[in-house]
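Naming: A, B, ... by sequence-line order, numbering from 1 per chain. Computation of the quantities below employed the complete heavy-atom set of this structure, encompassing side-chain atoms and omitting hydrogens, waters and symmetry-equivalent molecules.
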There are 2 protein chains.
Amino acid sequence: MTTDSPAVAQTDPGPTDAMIADVFSRGCTSRQALEAVTGRWGVLTVAGLRDGAVRFNALRRRIDGVSEKMLAQTLQTLERDGMVVREVRTSIPPHVEYSLTGLGHRVADRLVGLLDVLEGSVDEVTAAQQRYDATRGQAS
Amino acid sequence: MTTDSPAVAQTDPGPTDAMIADVFSRGCTSRQALEAVTGRWGVLTVAGLRDGAVRFNALRRRIDGVSEKMLAQTLQTLERDGMVVREVRTSIPPHVEYSLTGLGHRVADRLVGLLDVLEGSVDEVTAAQQRYDATRGQAS
DNA sequence: GGTTGGCGCTTTCGAAAAGTGAGCGCATGC
DNA sequence: GCATGCGCTCACTTTTCGAAAGCGCCAACC
C-alpha cells in the first residue's frame, strides 16, 4: 500500500490536492482499473493472454464458462483501461487478436502469482470449506 | 463437481503433477477461491485486513463504498474458503474481529503487489481511457 | 428511566449486472 | 444451396448488488 490513510479515505473523490492513488476510495482511477481486472472474468482474461496474442474464440474456449457477451465486454473494458490491445487482421478470413500491453503484462505477472497461490492451496481451501460447512450445518 | 480437471482426470500418477488445479476450468476449487477473492469486494477486504485484526465496522469504514450486507457476505465467503478468521470477543460489549489466516496472508501479499501496480499506473490508465473514448465515439 | 446510538449482522425490495440465445455479415466447406 | 465458424451485438431472463430498515444487545446521555 502506498498510503495508509484511514482518515482521508472517505472524503470526496475530487482530485483537488495531492494525487495519492488509493484503491480504498471509490472514485479513484486505480479502483476502476481494479474493478476491470477483478471483475468476474477479468483475472482469467488477463491471465489467458499472458502467453501471447490470442484470438477471441480461442480465448473463449480457454476460459471455461465465459459467455461471448461477457468476454467481449471484459476485453473492451480492459482495452479501455490500457491493459489489452485489440488487433484486427484484415486478411481473409479476417480475425481478431488480443494481446497485453506493458501495463497488462505487469498486472498479469501479479495475477499469475495469485493464481499460483490459489492453485497450490486447493487442499487447504477444500478442507476449510468442509470445516465451515460442518460447523454451520449446510452446504448450499 | 468438486474437482473436474479435463486434462488430468484420466491419469492417476504420483503426487508431483497429479493434482493440477486449474483456475481456467469451472468447477475447480481454486476457481471458487479466486471468485471469493476477486469478487466485487474481495480484494479490498483481504487487503484491508493485511495490517492485523480489524473489527467489522472499522473495516466497513475503511473500504469506501461497501455496504454492510456485502461486507458480511464477502467476509463469510472468505472465511469459508479459509482466508479469514472470525473471532468473537465475549467481553462486554462483545465485538467481532476479523483477521487473515496464513493462506489469507499469502493471498494478500500478491494482492498488494497488484494494488501497487494499479496505484502506480493511474496516469497510464487515465491516458488510455481518454485515448479509447476519443477514438471510439464515446461510451456516452 | 426512556430514548438514543453503536455494534454486527440479516432481511427486504428495487436496480444493476451477468448469463442465455438469437441474429448478422462474411467466407469457407460439403 | 446449406451448414458452420468467426467476432461480435441485441433482446430477454436470472442472478446478484445496494440502500435502507430491522433486530437483539448494551452503554451512554438527558
OP1 or OP2 of C:dG6 less than 4.0 angstrom from a side-chain nitrogen or oxygen of B:Arg60, does that happen here?
no
Between D:dC17 (P) and B:Glu35 (CD): distance, integer Å:
11 Å
Side-chain ion pair, B:Asp116 and A:Arg110, N-O less than 4.0 Å:
no
Select one nucleotide: of D:dC10, C:dG8, D:dG18, the one nearest the side-chain heavy atoms of A:Lys69.
D:dC10
Give me the residues of residues 51-59 of chain A where at least one heavy atom lies under 4.0 Å from an atom of DNA chain D, by number, or none.
A:Arg55, A:Phe56, A:Asn57
Would you say A:Gln73 reaches C:dG19's phosphate, i.e. side-chain N/O to OP1/OP2 under 4.0 Å?
no
From CA spacing to verdict: salt bridge (Lys or Arg N to Asp or Glu O under 4.0 Å), A:Glu124, B:Arg106
CA-CA 13 Å; A:Glu124 204 173 333; B:Arg106 270 179 281 139; 3.2 Å; yes
Round to the nearest Å and state the distance from A:Met70 atom CE to D:dT9 atom C1'.
14 Å
Within 45 degrees of the ring normal and closer than 6.0 Å to the centroid, is that where the cationic atom of B:Arg62 sits relative to A:Phe24?
yes
Nearest-angstrom distance from the residue atom CD of B:Glu97 to C1' of C:dC7:
13 Å
Nearest whole angstrom, please: distance from the P of D:dG7 to the CD of A:Glu87.
14 Å
Quick check on D:dC17: is either OP1 or OP2 less than 4.0 Å from any side-chain nitrogen or oxygen of B:Trp41?
no
With no hydrogens and no angle check, is any side-chain donor or acceptor of B:Thr101 less than 3.5 Å from a backbone partner on B:Gly104?
yes
Residue met sooner reading DNA chain C from 5', once A:Gly65 and A:Pro94 are mapped to nucleotides:
A:Gly65
From CZ of A:Arg26 across to P of D:dC17 the rounded distance in Å is 17 Å
Can you check whether B:Val66's main-chain N or O pairs, donor with acceptor, with B:Arg60's side chain at less than 3.5 Å?
yes
Answer yes or no: is there a donor N or O on one side and an acceptor on the other, between the side chain of B:Arg31 and the main chain of B:Val23, under 3.5 Å?
yes
Is there a donor-acceptor contact under 3.5 Å linking the side chains of B:Asp81 and B:Gln32?
no
Mind calculating the distance between CZ (B:Arg89) and P (C:dG8) to the nearest angstrom?
12 Å
Take the protein atom NE2 of A:His95 and the nucleotide atom P of C:dC26, then report the distance between them rounded to whole Å.
18 Å
Please pick, from C:dG8, C:dT10, D:dG18, the nucleotide with the shortest atom-to-atom distance to any side-chain atom of B:Val96.
C:dG8
Give a yes/no answer on whether the side chain of A:Arg61 brings an N or O atom under 4.0 Å of OP1 or OP2 in D:dC6.
yes
If you compare every side-chain N and O of A:Arg40 against the phosphate oxygens of D:dT15 (OP1, OP2), does one of them come in below 4.0 Å?
no
